[in-house]
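Input: a single structure, listed below in structure tokens.
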Amino acid sequence: MPLIASLIRSSRWLLPLALLVSLVSGFANAALVALINQALQASGPQLLQLGVRFALLAALVLATRVGSQTLFMYLGQRVKARLRMQTIGRIAAASFRDLERCGAARALGALTQDLDTIVVFFVSLPSIAMQGAVIAGCLAYLGMLSLPILGVALVVLGVGTFGTHLVGSRALRHLRASREREDELLRQFRALFDGAKELKLHRARADAFVGGHLAPHVEAVRAQRTRGYVLHALAASWGNLLLFGFVGLTIFVLARLFDADAHVMSGYALVFLYLIMPVEGLLAALPAISSARVAFERIGKLEAALPPEQVRLADVDRPAPATQPAFSRIVLEGVEHRYAHENEDGFFTLGPIDLTFRTGELVFLVGGNGSGKTTLAKLLVGLYAPERGRLLVDGVAVDDATRAAYRQHFSVVFSDFHLFDSLLGLSAGRESAARALLVALQLDHKVRIEDGAFSTLALSQGQRKRLALLVAFLEDRPFYVFDEWAADQDPAFKDVFYRTLLPELKAKGKTVLVITHDDRYFDLADRLIKLDSGLIGAMRSGLADDHDSDKNSGNDMASAA
Ligand SMILES: Nc1ncnc2c1ncn2[C@@H]1O[C@H](COP(=O)(O)OP(=O)(O)OP(=O)(O)O)[C@@H](O)[C@H]1O
């Protein structure tokens, strides 16, 4: 698995060191058996010498055990942090469309549950390594006592491994399937909170959701996990059965056949007693190993589902020129986007769209629900790459490598905006401007800005939208897009938005696209574009030279409203 290989590489010398310490601990532990067996036959000064060696060896076992456990704990947490950052990096670098397709539940599951499973595995690695070393050491001692019996032990080991592998792979299938179901559960858990109002207000809905939706999923996960663990328990029992069979066969049959003396017999007894614990320990670790395998697979799959956008970072970091406009024209040329609806035959197709936006224009985008306005905005601002057609900035086409840089032209408040609780990515010098905006947006009695953070986000939806507008103003980008921003505002502030704030932006030379249903203000726009089932249905232009730049601009303005 490439993910494991990269983790092993990134741990550099720590993992081999931790493994080495575990092996030393395991072998030292096995050496104690031989020493104890010798001590059983010894007397006088030899016994004293063996006693000192026993004490030293026991100290070594304890010290290496503590050492390996500490190292693996440290490694486990380091691996978790590294994987977490790697996964976060992948999510942050993925395209918006891939993020939408993937969904938050899957990514959250990977970032929490799968990473925890991997850490549990890492933390159990020292005991696995030590137990492996004890078994190897015991087998070596067995070989010193009797080579034919070692041969039998190896055959038994082979049969045992084959059997546990067969059962274990079936168990793995169940664990894999139950983990998939858990992503769905995570999605449903979110609905418990997001839909709390709707559930509280409708008893039958709450019962149907909890009893009819959540409970069967919880039950299915339980059943599948249990099946997986029971199969692992069966594999472990199979291993134990073979061990006991081998011990019985050796003590009661083979030792007699090979005529073993008392020293060899006590050696067998000790080796077997010593073997039982680590063999059981290793078999008990099988579910943790399988779960970690599933977790690694899932993180790998998530990373494959979220390939990074091809970005020329130098372009993204380049500051936008403050004095001259960043563009004079943005052109959408035959642009199309299609959503495939899962479990449905239909597709929603936006476009082909031909449009031109110029510096300092105030454009209104109108249209019925589901006509494609937000989708068009996402295409315009570069969140979606057009499936057909292209975007041009002053004649230069935007491509995969320049799309991230292109997006930096826009400040957008979507209708499902997210408000961060601090002014991320804005210089500290913007705080005084932010305070002035709080006053202008009539929020200064509610919210303060301290150390670059809002004092509260516990606000009404309309107030939160004003804060989102504040953030957009602070960004001071050349192109503004507002998606039904005024829908939650009171009539007085709606008026401020349309009659004061928008003209101010325009006066500053900003291009503004306003998605709106407020027909009272349509006359304020330089241009009105109407979308109808994904196509531009009508346009009204206030600019004299507009009609020659847009192929769709010949329609009558009256029909637009
Ligand atoms: N993430 C998505 N995945 C699949 N289909 C989508 C997605 N977002 C929107 N759609 C579909 O695309 C169509 C257009 O949606 P869009 O949000 O662009 O419309 P809109 O004009 O902004 O609507 P409204 O005025 O209701 O906000 C809808 O029919 C919807 O079913």
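Remember, it's 1-based here, ligands and their atoms both numbered in the order they're listed.
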Based purely on interatomic distance, does Tyr384 place a nitrogen or oxygen under 3.5 Å from a nitrogen or oxygen of ligand 1? no
Using the rule side-chain contact (heavy atoms from CB on, under 4.5 Å), only one of Thr375, Val366, Leu350 pairs with Leu531; which is it? Leu350
Thr375 heavy atoms, cut-off 4.0 Å: which ligand 1 atoms fall inside? 14 (C), 15 (O), 16 (P), 18 (O)
Where Asp518 and Ala486 come nearest, the two heavy atoms and their spacing: OD2-CB, 3.6 Å
Using heavy-atom distances, let me know which of Tyr339, Phe96, Phe414 sits nearest atom 2 (C) of ligand 1. Tyr339
Measuring from non-hydrogen atoms of His517 to any atom of ligand 1, is the shortest distance under 4.0 Å? yes
Polar atom proximity, Lys373 to ligand 1 (N or O, under 3.5 Å): yes
Applying the side chain to side chain donor-acceptor pair (under 3.5 Å) test to Gln489, which of Lys494, Arg466, Gln461 qualifies? Arg466
Answer with yes or no whether Gly368 contacts ligand 1, where contact means a heavy atom under 4.0 Å from a ligand atom. yes
Would Arg464 count as a cation-pi partner of Phe454, with NZ or CZ less than 6.0 Å from the six-membered ring centre and within 45° of the ring normal? no
Return a yes/no value for Phe348: is any of its N or O atoms, backbone included, closer than 3.5 angstrom to an N or O of ligand 1? no
Counting from 1, what ligand 1 atoms have a heavy atom of Ser371 closer than 4.0 Å? 19 (O), 21 (O)
Proximal ligand 1 atoms for Glu100, defined as those under 4.0 Å from one of its heavy atoms: 1 (N)
Listing request: all side-chain hydrogen bond (donor to acceptor under 3.5 Å, both in side chains) pairs with a residue in residues 188-209, at least two apart in sequence or in separate chains. Glu184-Gln188
Within 45° cone of Phe410 ring axis and under 6.0 Å: Arg477 NZ or CZ: no
Phe479-His409 aromatic ring centre distance below 6.0 Å: no
Say whether Gly367 and ligand 1 are in contact under the criterion: heavy-atom distance to a ligand atom below 4.0 Å. no
Sequence neighbours excluded, which residues qualify as ring-ring contact (aromatic ring centres under 6.0 Å, His included) partners of Tyr521? Tyr498
For atom 24 (P) of ligand 1, tell me which residue out of Leu350, Leu376, Thr374, Asn369 has the closest non-hydrogen atom. Asn369
